[in-house]
Amino acid sequence: MTITRFAPAPTGRLHVGNIRTALHNWMLARKAGGKFLLRIDDTDAARSKEEYVDAIHEDLAWLGMQPDMVERQSLRLERYDAAFDVLKAAGRIYPAYETSQELELKRKVLLGRGLPPIYDRGALKLTDEERAAKEADGIQPHWRFKLDHDEPIVWEDGVRGTAKFDPAQLSDPVIRRADGSWLYMLPSTVDDVEMGVTQVLRGEDHVSNTAVQIQMFTALYAAQFSAASGAPNELPEFAHEALLVGREGKLSKRLGSLGCDAFRERGIEPEALIALLARLGTSLSVEPIANMKDLLETFDLSTFGRAPAKFDDADLERVNTAIVHQMEFAEVKDRLPEGMGEDAWHAVRPNLETVGGAHDYWRIVTGPVDLPEFSDEDRAYLADAASTLQWGDDPWAALTSALKEKTGRKGKALFLPLRQALTGMNHGPDMGELLPVLGEEVARRRLERASN
Ligand code: GLU
């Protein structure tokens, strides 16, 4: 059974980058008939907020990407303690006593010599007496995971192909602070093990974390840590997608603040965001596909490129407009103005950029409409139109062909005064569709009023 997960920290609203990662994980699970797990990474008690947890749920619901399971790291602290004990007993976790200033100095020295700032494992070189002396001085250690330097870390990345790291080129990661609180690395691995996650798909900023975490997985399996949970002792598949960047090609601040609420306010449909994000950065073309089944059919990690995916608002708006043009009345009726029916929706839909735009067009129907200054000639023409108007199957076609015959007008001279008199606008919805929505009485009244 495929199990994917989306693991946001509730320290802010989801932004378009997170939404994309969530979507791809959701799609991987849906396509495989598996499960999509939402894991709230809330070990950072100071920065995590309940309002953001709620917002994550709301945003996923708006996007139609409800999780099959929800977990919270703050409720699993004893599992992390258990993993800590097991790995410590196995010699894979060690205490370190450097202050952040000392660590910073070490980094600077290495960088100054043109060397990579890899932790020198100073804490491993301490004698028992030195360690005892530190503790006697009241220095509480923080804790590091000891990487095994013997073999390269290799995996087949679902997007990047073969990935290879020399563990000696990585610092032993700090996994736990002196106050006992957790950093991201180990809890995430413990969860992936115990929740039986089979595919880890995340941003490429996590590539080196994966290298480290693969050793954590292996160490936990070796210690039989997951035996009780029944999860298979098998590494998940890893895939790292290229980052999302702004149109300018940079990681922009603006992207980081673009969330579901901002999209919703602008009239962006979740289907549009999904259609765009499902294919952005892949070899497939972005199309206004509103049907998830169709998107799922072509969804495949092998189409993902390694170049940054460019997010452009203009693309989103284009896809959104095309999606709005496909939306059925039943899908939108709760968001339409009071009284606006299916015929009216069909009449105005091709002119809309957003569903909300229907309100502006509905004003054409409810009136009053602002009339331009008509020439005497046009007024006479409109008077003619008012008396010619006959209600039937297609009153617009009947009216315009009768007027054409009668007056010899054609093109703009034939149509524009009618449109202006009936709608107060120079452009707008197809009159053949709109006229029946206005109804005979309103149409006649407007033509008469304009002819006076
Ligand atoms: N909370 C982590 C993040 O948002 C999760 C990363 C992961 O997918 O493992 O970056």
Side-chain angles (χ1 to χ4, degrees), residues 2-29 34-50 52-53 55-57 59-60 65 67 69-77 79-80 83 145 153 155 157-160 163 165 170 173-177 181-217 220 231 235-244 251 255-260 277 301 304:
T2 295
I3 300 181
T4 65
R5 89 292 196 278
F6 171 52
T11 53
R13 296 288 304 236
L14 297 184
H15 56 74
V16 62
N18 312 129
I19 295 169
R20 173 167 168 257
T21 305
L23 172 67
H24 293 162
N25 277 288
W26 186 82
M27 291 179 83
L28 273 183
K35 291 206 151 58
F36 170 63
L37 161 69
L38 169 65
R39 187 184 85 201
I40 304 287
D41 281 6
D42 57 351
T43 51
D44 184 343
R47 291 177 59 227
S48 296
K49 295 220 166 68
E50 221 40 49
Y52 293 132
V53 176
I56 289 167
H57 281 283
D59 289 347
L60 291 181
M65 293 164 15
M69 303 170 282
V70 182
E71 297 277 0
R72 288 184 73 143
Q73 291 199 319
S74 58
L75 301 177
R76 293 180 40 80
L77 300 177
R79 296 310 299 148
Y80 312 143
F145 178 77
I153 305 165
W155 75 92
D157 194 286
V159 174
R160 301 163 64 86
F165 275 81
L170 299 168
V174 176
I175 54 161
R176 198 170 195 178
R177 299 185 190 89
S181 64
W182 293 98
L183 284 114
Y184 152 76
M185 257 340 160
L186 184 63
S188 177
T189 311
V190 169
D191 290 345
D192 287 340
V193 167
E194 293 205 313
M195 294 166 196
V197 170
T198 60
Q199 261 163 309
V200 173
L201 169 62
R202 53 191 175 187
E204 69 180 8
D205 49 330
H206 282 287
V207 171
S208 62
N209 290 343
T210 294
V212 167
Q213 287 177 327
I214 283 179
Q215 286 213 354
M216 292 181 174
F217 276 101
L220 288 169
L235 279 177
E237 285 169 24
F238 293 95
H240 297 86
E241 50 188 8
L243 296 182
L244 196 63
L251 266 177
L255 280 194
S257 64
L258 267 185
C260 290
L277 294 179
L301 288 186
F304 281 49

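The figures that follow rest on heavy atoms only: side chains count, while hydrogens, waters and symmetry mates do not. Indexing begins at 1, ligand by ligand and atom by atom, following the structure's order. These figures come from a predicted structure and were not determined experimentally.
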Is the shortest distance from a Lys or Arg side-chain nitrogen in Glu194 or Arg79 to a carboxylate oxygen in the other one below 4.0 Å?
yes

For the ring pair Phe6 and His24, is the centre-to-centre distance below 6.0 Å?
no

Does Glu50 come within less than 4.0 Å of Arg72, counting only side-chain N to carboxylate O?
yes

Numbered in order shown, the ligand 1 atoms found under 4.0 Å of a heavy atom of Arg202 are 7 (C), 8 (O), 9 (O)

Within the 4.0 Å heavy-atom shell around Ala7, which atoms of ligand 1 are there?
1 (N), 2 (C), 3 (C), 4 (O), 5 (C)

Looking only at protein heavy atoms, identify the closest one to atom 10 (O) of ligand 1 and say how far it is in Å.
His206 NE2, 3.0 Å

Can you tell me which residue among Pro187, Ser74, Ser188 is in a side chain to side chain contact (heavy atoms under 4.5 Å, CB included) with Trp182?
Pro187

Sub-4.0 Å atoms of ligand 1 with respect to non-hydrogen atoms of Arg5
7 (C), 8 (O), 9 (O)

Residue that, paired with Cys260, satisfies side chain to side chain contact (heavy atoms under 4.5 Å, CB included) out of Val16, Ile19, Leu14:
Ile19

Atoms in ligand 1 with a heavy atom of Asp41 nearer than 4.0 Å
1 (N), 2 (C), 5 (C)

Suppose I only count heavy atoms of Ser188 and a 4.0 Å limit; which atoms of ligand 1 are within that range?
9 (O)

Can you confirm if the aromatic rings of His240 and Phe304 lie within a centre distance of less than 6.0 Å?
no

Heavy atom under 4.0 Å from ligand 1: found in Tyr184's side chain, backbone, both, or neither?
side chain

